[in-house]
Amino acid sequence: MKWLEFAISSTHEASDAVVDFLTGLGAAGVQVNDPVEFKLLKEASPVDFVDESDMFASGNSTEVDIRAYFSADAEDNILVREPGPFFEQAGYTGKRIKVDLGSLIKMLCDKLADLDNYLDTGSGYQGVREVFEEDWAENWKKYYQTVHLTNRLVINPSWIKYDSAPGEIVVSLDPGSAFGTGTHESTALCAEYLDSTVKNGSKVLDLGTGSGILAIIAALLGAEVEAVDIDPRAVSVARENARANNVDIYFQSGELHDVRGSSYDLIAVNIIADVIIDIMPELAAKLAKEGELVTSGIISDKAANVIAAAESCKLTLISRKEKNDWVAMKFRPGS
Ligand code: SAH
């Protein structure tokens, strides 16, 4: 077996969608070098981060450099997930099919062209090359370093030994195929809210759990946590991450209307503004009287729409935080 590395040049806005597509398609690993995130991380935790000259050894553009790794046989046939209807396993059937290199490149280019109708995807496909397993399996790890989300919340990749300071809460997290490594602004903002809000015994719902990062943080802060994701692959990654952190979380595949519980002290939703607006009445109905709703994943242009939706459900804005055009807000019942 050999490994093929596909290089895609994208933008900060589109990189999550491109990475989702690549992991959905079956990439064994995806490495993202985002100058914007890098800068933020460096500001947040200068001592833990990689050498800048190393990071940009291959270029100095402001575009996001994405590398996706697929395994191939000797004839360059690549095993990918078979594309299916959108709502089936996030756009893929359970089946694996072999495609030749030309077909995979075409699939990549078609998908990027399709995404380009909604988002500026940047320069797109750059090329493909063969790499040796040891190279990529070890190389991409250097871009995931220890991240300090707050004074006491630390996200640490499992392969790094981290000596925690007294009072620190360390989440061991490997970037799997699900969203949420702590490096995205929307996750970091939610984590700050969790840190200041969750109390021992709080009843927390994490809607759109991804890697499980927020659910695990809440559980480590002493909460009783339920977590849900529409993508069953995310739920299995999150379960694995919860196990690695020795926390007990009730995970469920589905959407908010599949959640049986109610009267949550805190609901964290890091999805996107339009989804949050759609489900605002259901969110409001699931909050305890004194409960709090943390919304994130909102680009600043859409914040006012989210506030209006919340107010129409008798929720009041009590706090707002912003990082790099991403907004997170906290609401409470009552006007
Ligand atoms: N909570 C994590 C991941 C956020 S990414 C973090 O803060 O980093 C958003 C997640 O929401 C994705 O895993 C996606 O699959 C999930 N999602 C999107 N729409 C959803 C919906 N309507 N109901 C439940 N989950 C949803």
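No experiment lies behind these values; they were computed from the predicted model shown. Counting starts at 1 for both ligands and their atoms, following the listed order.
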Quick one: which ligand 1 atoms are inside 4.0 Å of a heavy atom on [X]?
X      : result
Asp231 : 15 (O)
Asn270 : 4 (C), 5 (S), 6 (C), 7 (O), 8 (O), 9 (C)
Thr209 : 1 (N), 2 (C), 3 (C)
Glu255 : 22 (N), 23 (N)
Ile213 : 6 (C), 8 (O)

- Pair listing, side chain to side chain donor-acceptor pair (under 3.5 Å) test, anchored in residues 285-296, at least two apart: Glu292-Lys330, Glu292-Arg332
- Query: Take atom CG in Asp248; do more than 12 heavy atoms of anything else shown fall under 6.0 Å from it?
  - Reply: no
- Query: Is there a path from Leu256 to Ile267 through hydrophobic residues (I, L, V, M, F, W, Y) whose side chains come within less than 4.5 Å of each other?
  - Reply: yes
- Message: With clusters defined by side-chain heavy atoms of hydrophobic residues (ILVMFWY) lying less than 4.5 Å apart, directly or transitively, does Tyr264 cluster with Ile217?
- Response: no
- Query: Side chain, backbone, both or neither: which part of Leu256 comes within less than 4.0 Å of ligand 1 when only heavy atoms are counted?
  - Reply: neither
- Which bit of Leu214 gets closer than 4.0 Å to ligand 1, counting heavy atoms only: side chain, backbone, both or neither? side chain
- Kindly identify the option in Ile271, Asp229, Val269 whose heavy atom sits closest to atom 15 (O) of ligand 1. Asp229
- Message: Quick test of your reading of the model: are Arg129 and Glu5 salt-bridged, counting only N-O distances below 4.0 Å?
- Response: yes
- Message: Check this for me: does any side-chain nitrogen of one of Lys98 and Glu75 sit under 4.0 Å from a carboxylate oxygen of the other?
- Response: no
What I want to know is whether [X] and ligand 1 share at least one N or O pair that is separated by under 3.5 angstrom.
X      : answer
Ala234 : no
Gly208 : yes
Ser211 : no

- Quick one: does Thr150's side chain get under 4.5 Å of Leu194's, heavy atoms only? no
- Message: Would Gly212 count as a contact residue for ligand 1, given that I'm defining contact as a non-hydrogen atom of the residue lying under 4.0 Å from a ligand atom?
- Response: no
When the side chains of residues 297-309 are checked against the rest of the protein, which donor-acceptor pairs come out under 3.5 Å, sequence neighbours left out?
unit_1: Lys302; atom_1: NZ; unit_2: Asp274; atom_2: OD1; d: 3.3
unit_1: Lys302; atom_1: NZ; unit_2: Asp274; atom_2: OD2; d: 3.3

